[in-house]
Protein chains: 2
Amino acid sequence: MNKQVLPKSSEAEIEFGEMGHSLGLLLRLSQLRVFEVFYEKLSHHGLKPGEFTVLWLISLNPDAKQGDIARRIHIKPAHMTKLVSRAVDAGLVERVIPEDDRRSVRLRLTQAGERFVTEKKREFTTYLADENIGLSDSDFSELVRLLRVFNGMEDPK
Amino acid sequence: MNKQVLPKSSEAEIEFGEMGHSLGLLLRLSQLRVFEVFYEKLSHHGLKPGEFTVLWLISLNPDAKQGDIARRIHIKPAHMTKLVSRAVDAGLVERVIPEDDRRSVRLRLTQAGERFVTEKKREFTTYLADENIGLSDSDFSELVRLLRVFNGMEDPK
DNA sequence: AGAAAATGTTTTCCATGGATAGTATTTTCG
DNA sequence: CGAAAATACTATCCATGGAAAACATTTTCT
């Protein structure tokens, strides 16, 4: 038998105190958790979380302005440019400059882009729900509902 | 009278569809929202969100190892080094190297650090609760509870 | 019409935080 | 005991995304 049962070394447990109820900290930890599952399950498609979201939005809002989509999901124009360029290089998206207002850039999916989104749609909207996440189905939807209220996307019921 | 009532330009509304129920996207938007309020209300103290959290944890867990604290809140050792160095430079934290195991670094608050934490504690734990956030008090605590379950910090009740 | 303002995107530069490798110290094991 | 492994922190380099300015085009105002 081993000398002691200490699992690893000491693994000293750190107390959170009231900080364990801080919304900010909880949101950060949750997001890291989601990223973990995302990369574990979907990384083989070669897309980052925000990239699929943008493809999805373009598919739902064809010919929307690049800036409008960026603003809606709070990604900065500078970053949007790079993100869209990668999608264009990958052959999933095309930029269209309308004749009547040549300041703006409209986005639409290419054939390949459409195919990609319809094929992967289900996988990208359910990768978490399937996961054993510690939450019952009803708690999961309640969590989503509360976050939607928090973001002004839904009335408090 | 103006020619038209269009509020700004067109401000074309972007549809989210099912993506509006994506936990990942909702978490990201929520976190941005919290950061916004944080910087609006607390930036004058010159601390970033993670920095106050670390001070708090040191205060609750005096002489904890630098690495243990980092691991607990999922910040990487490399980043922890820089973060702690800034706190040391600011005179809030001191590093102690214990004689019996000189590989590790223990952290503790200086006098000034203790004073800072006790003075600001309330402000940093309540800056969101006061805020008009669209959630009733009970929904707010329910949200916190669900996030705690999601992070394995609490049993599903 | 022409100058000034507004709109929308892209370019350049910078801050943040992570990955990898390096250094120092202690522990383990032949 | 001495070499190898383990532990813990730090230094260097890199990727991501944002800020500010530059650029191009269109609209407004006199």
Side-chain angles (χ1 to χ4, degrees), chain A residues 2-4 6-12 14 28-29 31-32 35-36 38-39 43 46-51 53-54 63-89 93-107, chain B residues 2-4 6-12 14 28-29 31-32 35-36 38-39 43 46-51 53-54 63-89 93-107:
Chain A
N2 293 333
K3 308 189 181 163
Q4 280 197 308
L6 296 176
K8 273 286 180 177
S9 51
S10 43
E11 193 63 21
I14 302 291
R28 173 160 181 279
L29 295 175
Q31 211 181 357
L32 291 176
F35 280 166
E36 227 171 76
F38 180 94
Y39 283 111
S43 58
L47 286 186
K48 282 172 281 185
E51 297 180 333
T53 303
V54 167
D63 286 325
K65 281 190 258 183
Q66 175 169 319
D68 282 346
I69 291 184
R71 215 169 303 120
R72 187 69 203 268
I73 54 180
H74 288 87
I75 74 180
K76 292 293 178 290
H79 184 211
M80 187 69 173
T81 296
K82 303 168 199 170
L83 194 159
V84 170
S85 298
R86 280 195 298 272
V88 169
D89 292 347
V93 168
E94 57 186 352
R95 293 187 233 239
V96 180
I97 297 187
E99 258 317 305
D100 55 313
D101 184 350
R102 304 206 344 217
R103 294 171 301 181
S104 63
V105 171
R106 310 297 170 124
L107 300 178
Chain B
N2 292 333
K3 308 191 180 165
Q4 280 198 307
L6 296 176
K8 272 286 179 178
S9 51
S10 42
E11 193 64 24
I14 302 291
R28 173 161 180 278
L29 294 176
Q31 212 180 357
L32 291 176
F35 281 166
E36 225 171 76
F38 180 94
Y39 283 112
S43 58
L47 285 186
K48 282 172 282 186
E51 297 181 333
T53 303
V54 168
D63 286 325
K65 283 190 256 183
Q66 177 168 317
D68 282 345
I69 291 184
R71 214 169 302 121
R72 187 68 203 269
I73 54 179
H74 288 87
I75 75 179
K76 292 293 178 291
H79 184 212
M80 187 68 173
T81 298
K82 303 170 201 169
L83 194 159
V84 170
S85 298
R86 281 196 297 274
V88 169
D89 292 347
V93 168
E94 57 187 352
R95 292 188 234 239
V96 180
I97 298 187
E99 259 317 305
D100 56 313
D101 184 350
R102 305 209 341 218
R103 293 171 303 181
S104 63
V105 172
R106 310 297 171 123
L107 300 178

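Within every chain, numbering begins at 1; the chains are lettered A, B, ... in the order of the sequence lines, protein sequences first and strands thereafter.
What separates CG of A:Asp100 from C1' of D:dT25 is a distance of 12 Å, to the nearest Å. Residue A:Ile97 contributes atom CD1, which lies 10 Å from atom C1' of D:dA24 at whole-angstrom precision. Straight-line distance from the CD1 atom of B:Ile75 to the P atom of C:dG18: 7 Å, rounded to whole Å. Distance A:Tyr39 OH to C:dG18 P: 13 Å, rounded to the nearest Å. Across the protein-nucleic acid pair, A:Lys76 atom NZ and C:dT16 atom P stand 16 Å apart, rounded to whole Å. A:Ile69 places its CD1 atom 14 Å from the C1' atom of C:dT9, with the value rounded to the nearest Å. One atom, CD of B:Gln31, and another, C1' of C:dG17, lie 14 Å apart when rounded to the nearest Å. When rounded to the nearest whole Å, the span between CZ of B:Arg86 and C1' of C:dT16 equals 9 Å.
Taking for each of A:Arg28 and A:His79 the nucleotide of DNA chain C with the nearest heavy atom, the 5'-most of the two is the partner of A:His79.
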Taking only nitrogen or oxygen atoms into account, show me every contact under 3.5 Å that the protein makes with nucleotides 9-11 of chain D, one pair per line with its distance.
residue : atom : partner  : partner atom : Å
D:dC9   : OP1  : B:Gln66  : N            : 3.3
D:dC9   : OP1  : B:Gly67  : N            : 3.4
D:dC9   : OP1  : B:Val105 : N            : 3.2
D:dC9   : OP1  : B:Val105 : O            : 3.3
D:dC9   : OP2  : B:Gly67  : N            : 3.0
D:dT10  : OP1  : B:Arg95  : NH1          : 3.3
D:dT10  : OP2  : B:Gln66  : NE2          : 2.9
D:dT10  : OP2  : B:Thr81  : OG1          : 3.2
D:dT10  : OP2  : B:Arg95  : NH1          : 3.4

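Partners of B:Arg86 according to the salt bridge (charged side-chain N to carboxylate O under 4.0 Å, His left out) rule, which considers only residues two or more places apart in sequence or in another chain, are B:Glu51. Scanning for side-chain hydrogen bond (donor to acceptor under 3.5 Å, both in side chains) contacts around A:Gln31 gives an empty result, with sequence neighbours left out. B:Arg106 meets the side-chain hydrogen bond (donor to acceptor under 3.5 Å, both in side chains) test with B:Ser104; sequence neighbours excluded. Annotation: side-chain hydrogen bond (donor to acceptor under 3.5 Å, both in side chains) contacts of B:Thr81 (sequence neighbours excluded): none. Applying the salt bridge (charged side-chain N to carboxylate O under 4.0 Å, His left out) test to A:Arg103 and every residue at least two apart in sequence or in another chain returns A:Asp101.
Rounded to the nearest 0.5 Å, atoms CG (A:Asp63) and CG (A:Asp68) are 12.0 Å apart.
Regarding contacts with the backbone of C:dA15, every side-chain N or O of B:Lys48 stays at 4.0 angstrom or more from both OP1 and OP2.
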